[in-house]
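Below, chain A is the first sequence line, B the second, and so on; all start at residue 1.
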Number of protein chains: 2
Amino acid sequence: MSSFDSAAVKEYLTELQDLIVARLEQVDGKPFRRDSWSRPQGVGISCILEEGNVLERGGVAFSHVTGDRMPPSATAQRPELAGRRWEALGVSLVLHPRNPYAPTAHANVRMFVATKDGEAPVFWFGGSMDMTPYYGFEEDAVHFHQACKNSLAPFGDDLYLRFKKWCDEYFFLKHRNEQRGIGGIFFDDLSEPDFATAFAIQQSVGDHFLSAYVPILERRMNMPYGERERDFQLYRRGRYVEFNLVIDRGTIFGLHSNGRTESILMSMPPLVKWRYDWHPEPGTPEVELYEKFLQPKDWL
Amino acid sequence: MSSFDSAAVKEYLTELQDLIVARLEQVDGKPFRRDSWSRPQGVGISCILEEGNVLERGGVAFSHVTGDRMPPSATAQRPELAGRRWEALGVSLVLHPRNPYAPTAHANVRMFVATKDGEAPVFWFGGSMDMTPYYGFEEDAVHFHQACKNSLAPFGDDLYLRFKKWCDEYFFLKHRNEQRGIGGIFFDDLSEPDFATAFAIQQSVGDHFLSAYVPILERRMNMPYGERERDFQLYRRGRYVEFNLVIDRGTIFGLHSNGRTESILMSMPPLVKWRYDWHPEPGTPEVELYEKFLQPKDWL
């Protein structure tokens, strides 16, 4: 394992947060609230926009937290690290546009460090970006996946396919037998071949988020829609809640480990509906979402 | 351990479901949908009312399911049962009225049986009823707890206090440091002193639900309210979602074990809001809910 530079990662992450928030403010026209917090476990800056012109709710959060003992959920793949002290820093975002034709977006870049007296620290990176449409557009799916692929291209031809598959596997609601959305990329446990390369991959993923998502947001955010589309969006947002509260490892770990609840739950949609055993009619755009878009698929 | 009669329990439970649904239909004026289902793991009848006159969403579910191996979550207290085949039958209900002055109600009565070739089967009962107001009324809390106490009075003076405490401990959102509601009663692992007594306790709890809740529903369901109260109700419903998806053992076990998702998630509210770091103003009825009602308290 090579040495690492956590100050450089922190500097990158806070700059990334600023960049993303500034660009989203341009698109939306309304400023984010910037909420800095400090607790015994760490510090963070939660940037949140609610009732924006374009974003009904969106959060872009930086946090840098530490703990005395690695949680079991984080050491399932690395039992040799159980019980170590840990440090985690990352930027995580979820954007819920108001327009049902504009997809919800999620991205996350993070670094973990596990330390123990008398032994070398162990670091690894993780990251993801994925998109959850309510109405499917093939050109949007292609654009998003192309940007995902571009972000990884400098680091080897196989990374995109590996990380795309990982994303399809991770963002899956087993209790619904449904994908969360059209996927993207997801990776974890990345420390090879060295710190510089792994950090460069994380940076490239983070740097590509805006170009992956904002053009899609801009072409959908002003499309006319009616009650039917709004209703379907609110219903489908229920799946987002189910995924994050029942399945998402980061959310569950955060809520069970005395994390900062309001920052963790910035991912929740602003308004959500549930109804019993509902299914869209055959031949509608709603059923096309399930049949064509919520399926693992090679979009490129 | 005494012998048990699962046919008698099943007959009681399906009759209880019919009784509760019939009474709620009287109050609401709109009929429930009765949805019978059958799967390899078992059978059930899900009764659901959506967009009723009084109930915005309400579900009363009977199910009788079996499994090959006791789940770890069910044997944490009884490791000697790990790996046994199991059978579970119960009635579970959650009612979400539209009027914000009317509380959400939950009740559940269930029996578990763990079997193994060549050994005697082991049974136990569980049950609960609890109430989650959006606006607090002392007379409602007293009425509900008095009915809870009455349901247990024939079986010993200490049961109500034990089961009330258990309820306060169980319906607690650690990540919010909040009680879910004003509590009620909760019990599990009940097989003493014998089948007949444990079954009688379950029956008494089930039989008291309507008299505990319906008078409260009837006196609140037509109270005038405005956007402010509706908004607070939708916000507080988010806590109900968080509890059921993050904490509730039955919900999590069901979703992770290939249970019938639509029946399990009948507990979800029909419409829910999340917003960032929101707190009610001092001196308002909303802050009174937190300070006076969402606190473990002797109501009687």
Side-chain angles (χ1 to χ4, degrees), chain A residues 32-35 37 46-51 56-61 94 96 173-178 230-231 234-235 237-248 251-279, chain B residues 32-35 37 46-51 56-61 94 96 173-178 230-231 234-235 237-248 251-279:
Chain A
F32 278 65
R33 168 176 168 193
R34 285 162 171 78
D35 195 14
W37 55 267
S46 293
C47 298
I48 178 97
L49 179 57
E50 294 185 301
E51 301 289 335
E56 194 176 344
R57 189 168 200 237
V60 185
V94 173
H96 292 288
L173 287 83
K174 194 170 173 234
H175 65 280
R176 297 286 191 181
N177 193 30
E178 275 173 25
R230 176 68 171 166
D231 183 64
L234 300 191
Y235 172 77
R237 281 176 175 173
R239 302 296 208 274
Y240 217 84
V241 173
E242 292 173 22
F243 183 86
N244 282 14
L245 297 186
V246 177
I247 300 168
D248 187 61
T251 302
I252 293 167
F253 168 63
L255 294 179
H256 283 151
S257 66
N258 195 25
R260 187 173 185 267
T261 297
E262 287 297 335
S263 298
I264 297 165
L265 295 185
M266 290 203 315
S267 63
M268 293 293 102
L271 190 64
V272 186
K273 277 186 182 175
W274 272 273
R275 76 178 67 100
Y276 181 75
D277 203 22
W278 181 82
H279 304 282
Chain B
F32 277 64
R33 168 177 167 192
R34 284 162 171 78
D35 196 15
W37 55 268
S46 292
C47 298
I48 178 97
L49 179 57
E50 294 186 300
E51 301 288 337
E56 193 175 344
R57 190 170 199 238
V60 185
V94 174
H96 292 288
L173 288 84
K174 193 170 173 231
H175 65 280
R176 297 286 190 180
N177 193 29
E178 274 173 26
R230 176 68 171 167
D231 184 64
L234 301 191
Y235 171 77
R237 282 177 174 172
R239 301 295 208 274
Y240 217 83
V241 174
E242 292 173 22
F243 182 87
N244 281 15
L245 297 186
V246 176
I247 298 167
D248 186 60
T251 303
I252 293 168
F253 168 64
L255 294 178
H256 282 152
S257 66
N258 194 27
R260 187 172 185 267
T261 297
E262 287 296 336
S263 297
I264 297 165
L265 295 185
M266 290 202 314
S267 63
M268 293 292 102
L271 190 65
V272 186
K273 277 186 181 175
W274 272 273
R275 76 178 67 101
Y276 181 76
D277 204 21
W278 181 81
H279 304 281

Next item on the list: For the pair A:Glu262 and B:Arg176, find out whether any cationic side-chain nitrogen is under 4.0 Å from an anionic carboxylate oxygen.
Entry: yes

Margin query: For chain B, which candidate among A:Asn244, A:Leu173, A:Leu255 shows the most heavy-atom pairs at distances under 4.5 Å?
Written below: A:Leu255

Notebook entry, point to check: NZ/B:Lys174 to CZ/B:Phe243 distance, rounded to the nearest 0.5 angstrom?
Noted result: 13.5 Å

Notebook entry, point to check: Roughly how far, to the nearest 0.5 Å, is the OG atom of A:Ser46 from the CZ atom of A:Arg33?
Noted result: 9.0 Å

Next item on the list: Look up atom CD1 in A:Ile48 and atom CZ in B:Arg275, then write down how far apart they are to the nearest 0.5 Å.
Entry: 12.0 Å

Item checked: Student check: side-chain heavy atoms of B:Val272 and B:Tyr240 closer than 4.5 Å -> no

Notebook entry, point to check: Tell me, side chain or backbone of B:Arg237 under 4.5 Å from chain A's heavy atoms, or both, or neither?
Noted result: neither

Next item on the list: First locate atom CG of A:Leu271, then atom CG of B:Leu234, and finally report the distance between them rounded to the nearest 0.5 Å.
Entry: 7.0 Å

Note to self: If we define contacts as heavy-atom pairs under 4.5 Å, which of A:Asn258, A:Asn177, A:Val241 has the most with chain B?
What the structure shows: A:Val241

Note to self: Can you tell me which portion of A:Arg57 sits under 4.5 Å from chain B's heavy atoms? Options are side chain, backbone, both or neither.
What the structure shows: side chain

Note to self: For the interface with chain A, which of B:Tyr276, B:Trp278, B:Tyr235 has the highest count of heavy-atom pairs at distances below 4.5 Å?
What the structure shows: B:Tyr276

Notebook entry, point to check: Hey, which of A:Glu50, A:His256, A:Lys273 has the most heavy atom pairs under 4.5 Å with chain B?
Noted result: A:Glu50

Check: Of the backbone (N, CA, C, O) and the side chain (C-beta and beyond), which part of A:Asp277 lies under 4.5 Å from a heavy atom of chain B, both, or neither?
Finding: both

Notebook entry, point to check: Relative to chain A, which segment of B:Ile252 carries a heavy atom at a distance below 4.5 Å: side chain, backbone, both, or neither?
Noted result: neither

Note to self: Assess the residue pair A:Val94 and A:Met266 against the criterion (side-chain contact (heavy atoms from CB on, under 4.5 Å)); give the C-alpha distance rounded to whole Å, side-chain angles, the decisive distance to 0.1 Å, and a yes or no.
What the structure shows: CA-CA 7 Å; A:Val94 173; A:Met266 290 203 315; over 6 Å; no

Notebook entry, point to check: Contact part of B:Glu51 toward chain A, heavy-atom cut-off under 4.5 Å: side chain, backbone, both or neither?
Noted result: neither

Notebook entry, point to check: When only pairs under 4.5 Å are counted, which of B:Ile264, B:Thr261, B:Leu265 shares the most heavy-atom pairs with chain A?
Noted result: B:Thr261

